[in-house]
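For reference, the structure is listed below as structure tokens.
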Amino acid sequence: MDITQQPSKLTRFWRLPLLTGIISIGLGIWTLLDPSESIPVFAYAFAAILLFAGVSQFVSSWFMSRVGASWGWSLVIGILDIVAAIWLFSLPENALTATFIYIIAIWILVVAINAVVEACSMASSSPFSLALMIILLVATMACAVIFLCNPIVSGVTAWLWLGLSLITFGVYRLILAYKIKNIKSIRFRV
């Protein structure tokens with residue numbers, strides 16, 4: 001079944017991938033230039049965001065329980081997020097950094113796989129752009145897989161793989177933003 005989106009509704013959101021692309025490239029460059037400073041900051045920021053998400057989920061589940069909506073899973077996820085954040089904050093900085101690097105490598109891999117689907121939905125607008133976006137995403141996944149497959153060697157160069165993954169993903173997001181901004185029509189297959 002084809003669902004046709006009105007371009008005006010979709011193109012309003014072109015700034016979101018642009019912003020995430022710029023942030024990803026900036027973080028990637030910072031990681032390459034100063035890994036000893038950037039990675040621990042990322043790790044603590046990740047733990048703080050996880051804590052915030054857990055508290056938000058917990059509060060949301062409480063409000064949902066008042067209206068009788070399905071709230072059980074929201075409560076469980078909130079509690080798990082809070083426990084994980086407290087655990088991360090309790091780790092010494094070097095253990096937190098190592099744990100964070102594995103978590104972020106897996107996250108980058110999952111996001112890149114999801115982004116391939118996102119890029120394929122844009123195939124009708126430009127085959128060349130699609131090929132370029134897929135190449136960038138494959139490079140992003142390769143950097144994450146290289147790290148995950150050989151953590152001993154990659155432990156020394158984790159900052160390199162993380163920085164390159166963030167930069168290639170950021171460039172992909174910039175191209176996606178440009179394609180969304182200039183879209184005429186798009187068909188999503190369901």
Side-chain angles (χ1 to χ4, degrees), residues 2-35 37-57 60 81 85 100-148 158-190:
D2 283 341
I3 300 172
T4 305
Q5 296 281 338
Q6 292 180 349
S8 63
K9 289 183 180 179
L10 184 62
T11 58
R12 288 188 304 191
F13 299 105
W14 71 272
R15 289 176 189 88
L16 292 174
L18 177 70
L19 181 63
T20 58
I22 291 169
I23 289 171
S24 291
I25 291 170
L27 292 175
I29 291 170
W30 184 35
T31 301
L32 292 176
L33 295 177
D34 193 6
E37 187 69 32
S38 62
I39 293 177
V41 170
F42 290 163
Y44 282 112
F46 177 77
I49 290 168
L50 194 60
L51 181 63
F52 177 76
V55 170
S56 297
Q57 281 282 80
S60 171
D81 284 350
F100 167 73
I101 288 172
Y102 282 104
I103 291 170
I104 202 69
I106 292 168
W107 178 80
I108 287 172
L109 186 60
V110 170
V111 168
I113 290 168
N114 179 60
V116 169
V117 174
E118 187 178 62
C120 288
S121 70
M122 305 289 289
S124 64
S125 65
S126 170
F128 175 74
S129 294
L130 173 66
L132 179 60
M133 291 189 312
I134 297 293
I135 289 169
L136 287 167
L137 292 171
V138 168
T140 301
M141 289 185 278
C143 290
V145 168
I146 287 170
F147 170 73
L148 289 171
W159 58 272
L160 175 66
W161 300 119
L162 177 59
L164 290 176
S165 294
L166 287 168
I167 290 170
T168 55
F169 185 71
V171 172
Y172 156 75
R173 295 297 284 183
L174 293 179
I175 294 170
L176 180 65
Y178 175 77
K179 298 307 295 177
I180 290 173
K181 181 179 181 189
N182 295 318
I183 199 163
K184 301 293 183 245
S185 68
I186 187 167
R187 292 189 181 272
F188 292 101
R189 297 216 186 275
V190 179

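Predicted model only: the values in this text are computed from it and were never measured. Residue indices begin at 1 and follow the sequence shown.
P35 approaches P40 most closely through the heavy-atom pair O-CD, 3.9 Å. Among all heavy-atom pairs drawn from V41 and E37, the shortest one is CG2-O, 3.2 Å. In plain terms, the two heavy atoms of P17 and L176 that are nearest each other are CB-CD2, 4.2 Å. Nearest heavy-atom pair, G170 versus S24, reported as atom, atom and distance to 0.1 Å: CA-CB, 3.7 Å.
For I49, the side-chain contact (heavy atoms from CB on, under 4.5 Å) criterion is met by no residue, not counting sequence neighbours. Residues that satisfy the side-chain contact (heavy atoms from CB on, under 4.5 Å) test with I22, not counting sequence neighbours, are L18, L174.
Residue Y178 places its OH atom among 12 or fewer non-hydrogen atoms of other residues, nucleotides or ligands, all under 6.0 Å distant.
Ring pair F100/F46 is tilted by interplanar angle, where 30° to 60° counts as tilted.
For the atom pair CG (L136) and CE (M141), the distance works out to 10.5 Å, reported to the nearest 0.5 Å. Note: T168 OG1 to I25 CD1 = 9.5 Å, rounded to the nearest 0.5 Å. Note that the CG atom of L50 and the CD atom of Q57 stand 11.0 Å from one another [nearest 0.5 Å].
The side-chain heavy atoms of L137 and F169, taken from C-beta on, include a pair separated by under 4.5 Å.
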